[in-house]
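Scroll down for the structure; my scribbles are underneath it.
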2 protein chains.
Amino acid sequence: MTSVTSEPGAAPTRRSADGRRRVIDAALAQFAEYGVEGTSLQMIADAMGVTKAAVYYHFKTKDEIVLAVVRPALEQLRVILADAEAQRGQSARARAFLTGFVRLVVGERELLTLLYDDVAVIRTLRVHWPDFEDFERRIPLVLAAPDAGPGHQVAAAVAITGIVAAAGSPQFTTLSDDELEGHLLDAGLRLLTARRRPGRH
Amino acid sequence: MTSVTSEPGAAPTRRSADGRRRVIDAALAQFAEYGVEGTSLQMIADAMGVTKAAVYYHFKTKDEIVLAVVRPALEQLRVILADAEAQRGQSARARAFLTGFVRLVVGERELLTLLYDDVAVIRTLRVHWPDFEDFERRIPLVLAAPDAGPGHQVAAAVAITGIVAAAGSPQFTTLSDDELEGHLLDAGLRLLTARRRPGRH
DNA sequence: GTCTATATAAAGATAGAC
DNA sequence: GTCTATCTTTATATAGAC
């Protein structure tokens, strides 16, 4: 299972991609349990069975590890968002985003929880990830038209944040991915579906 | 403004309640912005304009500060939960909890976000707050009957976690408390209202 | 690629003066 | 009630041997 380091045609990086992967996997597990600020390089190294210096061979700083951990989720989010925005019609865009987002969340529960709940991750992204604030602007827009009124905006916010948190909850580990995905999608659609409230305004 | 320390009939604590309050307020502000692990005693002291040692006069450990910050929210949650459980009928119980919970969340946005998002807070509570795991069991139960099927459980989880996160979002700071409360309640009700899925798509 | 050893800073926490 | 000063531990990070 070891030493496929730098085969020609494989990973284009100088440092072996496999070494980085092992750090990233160990880091994600620790981050998910203790949070980024609650995880030291020592803890990551211990989880890998190596020393801190070995970890620093692969990444120069802790921030770089955070970025590397979170990068794949953001890349997928970028694609899902762009695809949704390309749809014709507001409700088609919202539905397209929701569908892709739910699939991403179920596939990467720990990662998305980290992305949405960990203030340290969000701070790091705002500083080092150029497109992040873009996402924060565009996601509400793809889910609800700006002129649809605050009720729709609030419902959309409840939907995406609730979906992430519910997917990450230990309560639903017994459900299959497909089942969970179906229920989350259902909940999301209920929130996004425009319905005039009978009693108000 | 100062030195009302230990008036007879006032706070029953030896250390002045006012001094504790100032620590708690400063700590909450820092915790909300940087997370518990990302906040040092030094940062709290700086925010108060005093030294670390002055903070340690009021609280023996950082954990004690965390508990004190979070205590009022948990006390309110305890009452809301007990009142809801006392209602007759599952749907009355769910609605009662949702109503109280939304009001609590809107009134204490920072605090509830901390309670739901910060892994360090949750770990501290699981260790030092006897009733916390009780809450974690009872809240899902008051919102959805255990035999109602996983779809209802998931919807309920989306509702409460989404409500907390949406209320804490900077997106809605322009809304009045009453407006936000109304929209959150509306979103929550949409999720809790039992509806057979009519086989959409 | 991993190690030992170390530099430097900051963390939580305490002692004792005022 | 707040201060200065200090202790101890741990944090991020680097240098250089193997």
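The figures that follow rest on heavy atoms only: side chains count, while hydrogens, waters and symmetry mates do not. Below, chain A is the first sequence line, B the second, and so on; all start at residue 1.
More than 12 heavy-atom neighbours from other residues, nucleotides or ligands sit within 6.0 angstrom of CZ on A:R109.
In this entry the distance linking OH of B:Y56 with P of D:dA5 reads 19 Å, nearest Å. Whole-Å rounding puts the B:Q42 CD to D:dT4 C1' distance at 13 Å. Atom NZ in A:K62 sits about 15 Å away from atom P in D:dT14, given to the nearest Å. Atom-to-atom, CG of B:L41 to P of D:dT10 comes out at 16 Å; the value is rounded to the nearest Å. Counting to the nearest Å, the P atom of C:dG12 and the CD atom of B:E64 are 14 Å from each other. Between B:D18 atom CG and D:dG1 atom P there is a gap of 9 Å when expressed in whole angstrom units. Here the P atom of nucleotide C:dA11 and the CD atom of B:Q30 are 12 Å apart, to the nearest Å. Residue A:I44 contributes atom CD1, which lies 11 Å from atom P of D:dA11 at whole-angstrom precision.
The side-chain contact (heavy atoms from CB on, under 4.5 Å) test with A:F101 is passed by exactly one of A:I139, A:L143, A:L112, A:V142: A:L112. For the side-chain contact (heavy atoms from CB on, under 4.5 Å) criterion with B:D46, the lone passing option out of B:M48, B:Q42, B:M43 is B:Q42.
The CG atom of A:L41 sits 7.0 Å away from the NZ atom of A:K62 when rounded to the nearest 0.5 Å. Between the CZ atom of A:R123 and the CG atom of A:L125 there is a distance of 12.0 Å, given to the nearest 0.5 Å.
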Produce the list of close N/O pairs, under 3.5 Å, pairing protein atoms with atoms of nucleotides 2-6 of chain C; give distances to one decimal.
from	atom 1	to	atom 2	distance (Å)
C:dT2	OP1	A:R22	NH2	3.3
C:dT2	OP2	A:H58	NE2	3.2
C:dC3	OP2	A:T51	N	2.6
C:dC3	OP2	A:T51	OG1	2.9

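Remark: B:S40 is not in phosphate contact with C:dA10, judged by side-chain N or O atoms under 4.0 Å from OP1 or OP2. Between B:T61 and C:dG12 there is no side-chain polar atom (N or O) within less than 4.0 angstrom of OP1 or OP2.
Note on A:D134 versus A:R137: salt bridge recorded, some NZ/NE/NH1/NH2 to OD/OE distance being below 4.0 Å.
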